[in-house]
Protein chains: 2
Amino acid sequence: MASIHDVAREANVSVTTVSRVMNNRGYISEATRKKVFAVMDQLNYRPNEVARSLFRKKSNVIGVIIPDVSFSFFAEYVRYVEEEAYANGYKVMICNALDDGQKEREYIRMLRSSQVDGIILGSHTMDIHEFENLQLPVVTLDRTVPGVTCVTSDNDAGGRIATQALLDRGCQHIAHIRGPIELETPANRRSDAFAEVAGASGVKHTILETSNNEFVFNAYLKLVEKMFQEHPSIDGVFASNDLLALAVLRVAKMIGKHVPEQLQIIGFDGVHEATVSTPQMATISQDIPLMAKESVQQLLSIISEESTEAIKIVLPVQFIHGETILPK
Amino acid sequence: MASIHDVAREANVSVTTVSRVMNNRGYISEATRKKVFAVMDQLNYRPNEVARSLFRKKSNVIGVIIPDVSFSFFAEYVRYVEEEAYANGYKVMICNALDDGQKEREYIRMLRSSQVDGIILGSHTMDIHEFENLQLPVVTLDRTVPGVTCVTSDNDAGGRIATQALLDRGCQHIAHIRGPIELETPANRRSDAFAEVAGASGVKHTILETSNNEFVFNAYLKLVEKMFQEHPSIDGVFASNDLLALAVLRVAKMIGKHVPEQLQIIGFDGVHEATVSTPQMATISQDIPLMAKESVQQLLSIISEESTEAIKIVLPVQFIHGETILPK
DNA sequence: TCAAGTGTGTCAAACGGTTGATACACAATA
DNA sequence: TATTGTGTATCAACCGTTTGACACACTTGA
């Protein structure tokens, strides 16, 4: 790879001059500028970003730590994070924490020594107080950490809409399947909303919980099967994520419950699996592109020290009327 | 962030000594070593990888350019690429080319000036000869470029298995929907295999093509609807990807064709959408974890200059007997 | 007594850039 | 004529780390 020295030598100017041409600083005559650009072109020269980063103490890289990119929600999120980052001159380094607290810690260390300018944190395994003296711009996704800006959806509204939708459509026994309760995340508001709306309605309702950070479809199927064995009267399910909702759909088919006539299902997230399923899954869709965009924007404004106060960004959700519920 | 100078000062030794301790070179007394480590701990010191990269001319970063991480296949692929890279001390920078040749080119430039040690290329929009003097270790995913190592699946076998499966199950008019023909990729072997097996069987068969790099579900639906209008006798479909297969499933439901009794469907890829759909999609599953692992292994061996010759790695596929075909 | 080894640690250059200080030539102004 | 300003380009220090060359103090053995 050609270096700035090669360009300087070839163009018969000093290294400084080449640098000045690139960075548009100081006085440079048009002739010199042209010549330098010509040589840069000819040598196919690209400035070494590592050297630049070292001097500038700025890498223009952000790290994204999530549980697993292969989960649709995170895949879609990362897709838009990358787009927004790129549009702002940043590169994205990706890390799958895989629900392993040790790995998450190591990733943070690694990103820090790689001199990333900031981190988006979407995984949930580290203890809250480990973040305290992180000394690095951080934005969390769906995780409340004191003093750290957080991007999340309006889980409460989503939960209310979903629950009310089941009630409005005549369900007599509604169930909610939620993630593990010991994890304190904003997503728990979905569950709280269900409990509240269902409770106020007087309609029979049941709440189930998946085991710790479980995301395996087969485990979901087992859980749902057991649910129907124990509560055969359930005729409406609000699942806290779309995969869970798809598991309900599968089990319903297995045990011969017609969807939506005998059983109505609403998921949460609005991921691709829900969109392409047949029947199309009704769901509370999060605005993933906007969440990603906001995450990056917030992070960049912390990096540039424009914003200093931690805030919580709550984005609206949208009710997707799929075919797993009755038309109203 | 503490630097090596801070550590040296605090430990009352020279910077060189600290470096030697970290890198285990030269003579260091046990006492000095202990003290240096203690100070490093105390200051929470992490060596600056940017400075190291500059000196070593090695960043330990690989770039991954794919069309879009939000497509399940790539999401799952990246998940395992990251894992394998991490296990070997490499970080992953992710780039979504979004089927934009210009963006792909820019990403390559950007990765090169970021001094990545190598690139995995899974996108398809740049012209082949643009890769010629890339001067950087590259491995492609599903793309044949002369002189470049390529990782792919056994598309031919997959295509044969799928086609034969439809024939064996009594289909009288089988269709294949393929990606755009103008793109020369190993995935085209799926189509060739279909044409050959179907042709040899004497059974009526039809081949359709999606428009250029189309990956939008609604466009798929339209295409499939049109297909059934023009060829109502189709009773077996081999789709070149699972999303297309799911679109067939959806349209089948719409027009009242029972799956699998009146219409059998087989997809390709084995992505999550196919696994969680109801009925579960029959598909030819690619071994995504292995593809990812091989890609990284190959790239690392090119980086370390162990391997110098470009090879083609063809990995086995697996027939997943879903519920969209009849039991044999 | 002195050369040769050995254990310990320092100096300074290098990696590829950026930038404040400075030099120089020339023109305009006091 | 001396001063100031301006357009141009260079010098050298710096970013944080690594490493070959070297210095020093102690043995050790001839």
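Side-chain atoms are counted along with the backbone in the values below, which use heavy atoms only and exclude waters and symmetry mates. Here is the naming used below: chain letters follow the sequence lines, and residue numbers restart at 1 for every chain.
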### Query
With respect to the phosphate group of D/dA9, does any side-chain polar atom (N or O) of A/Thr32 fall under 4.0 Å of OP1 or OP2?
yes
### Message
How many whole angstroms separate atom CD of B/Glu30 from atom C1' of C/dG9?
### Response
16 Å
### Task
Give a yes/no answer on whether the side chain of A/Asn23 brings an N or O atom under 4.0 Å of OP1 or OP2 in C/dT18.
yes
#### Entry: Side-chain N or O of B/Arg56 closer than 4.0 Å to phosphate OP1/OP2 of D/dT18
yes
### Query
DNA chain C: B/Thr17 or B/Ala51, which has the more 5' nearest nucleotide?
B/Thr17
### Query
Using a cut-off of 4.0 Å on non-hydrogen atoms, how would the nucleic acid contact of A/Ser3 be classed: base, sugar-phosphate, or nothing?
sugar-phosphate
### Query
Axis-to-axis angle across the helix from C/dT1-D/dA30 to C/dA30-D/dT1, five pairs an end, to 10 degrees?
80°
### Message
Which label fits A/Phe71 and A/Phe74: parallel for a plane angle under 30°, tilted from 30 to 60°, or perpendicular past 60°?
### Response
tilted
### Phosphate contact (C/dT18 OP1 or OP2) by A/Arg20 side-chain N/O below 4.0 Å
no
### Message
Around atom NZ of B/Lys34, are there more than 12 heavy atoms from other residues, nucleotides or ligands closer than 6.0 Å?
### Response
no
### Query
Taking CG from A/Leu54 and C1' from D/dA13, how many angstroms apart are they, rounded to a whole number?
13 Å
### Query
Under 3.5 Å, side chain of B/Ser114 to main-chain N/O of B/Val116, donor-acceptor pair present?
no
### Query
Which nucleotide in the list D/dT10, C/dG17, D/dT18 gets nearest to the side chain of A/Val13?
D/dT10
### Task
Indicate whether OP1 or OP2 belonging to C/dG16 is found under 4.0 Å from a side-chain N or O atom of B/Lys57.
yes
### Message
Applying salt bridge (Lys or Arg N to Asp or Glu O under 4.0 Å) to B/Glu49 and B/Arg52, what does each step give before you reach the verdict?
### Response
CA-CA 5 Å; B/Glu49 285 299 330; B/Arg52 284 185 156 177; 3.3 Å; yes
#### Entry: Side-chain donor/acceptor contact of B/Thr16 with base of C/dC11 under 3.5 Å
yes
### Query
B/Gln115 has an atom CD; how far is it from atom P of C/dC15, in whole Å?
14 Å
### Task
Whole angstrom is fine here: how far is it from CZ in A/Arg9 over to P in D/dT10?
14 Å
### Message
So, OP1 or OP2 of D/dT19: does either fall under 4.0 Å of a side-chain N or O from B/Arg25?
### Response
yes
### Query
Rounded to the nearest Å, what distance is computed from the CD atom of residue A/Glu49 to the P atom of nucleotide C/dC15?
19 Å
### Summary
Atom CD1 of A/Ile28 and atom C1' of C/dT19 are separated, to the nearest Å, by 13 Å
### Task
Check A/Glu82 against B/Ile94 and note the closest heavy-atom contact, atom names and distance.
CG-O, 3.5 Å
### Message
What is the separation between atom CZ on B/Arg52 and atom P on C/dG17, rounded to the nearest whole Å?
### Response
22 Å
### Query
Any donor and acceptor pair, going by atom type alone, linking the side chain of B/Asp117 with main-chain N or O of B/Asn60 inside 3.5 Å?
yes
### Message
For A/Glu30, I'd like to know if atom CD has over 12 heavy atoms of other residues, nucleotides or ligands within 6.0 Å.
### Response
yes
### Query
Should we say atom CZ of B/Arg33 is surrounded by more than 12 heavy atoms from elsewhere, each under 6.0 Å from it?
yes
### Query
Can you tell me how far C1' of C/dG9 sits from CD1 of B/Ile4, to the nearest Å?
14 Å
### Task
Would you mind classifying the nucleic acid contact of B/Val15 as base, sugar-phosphate or nothing, using non-hydrogen atoms under 4.0 angstrom?
base
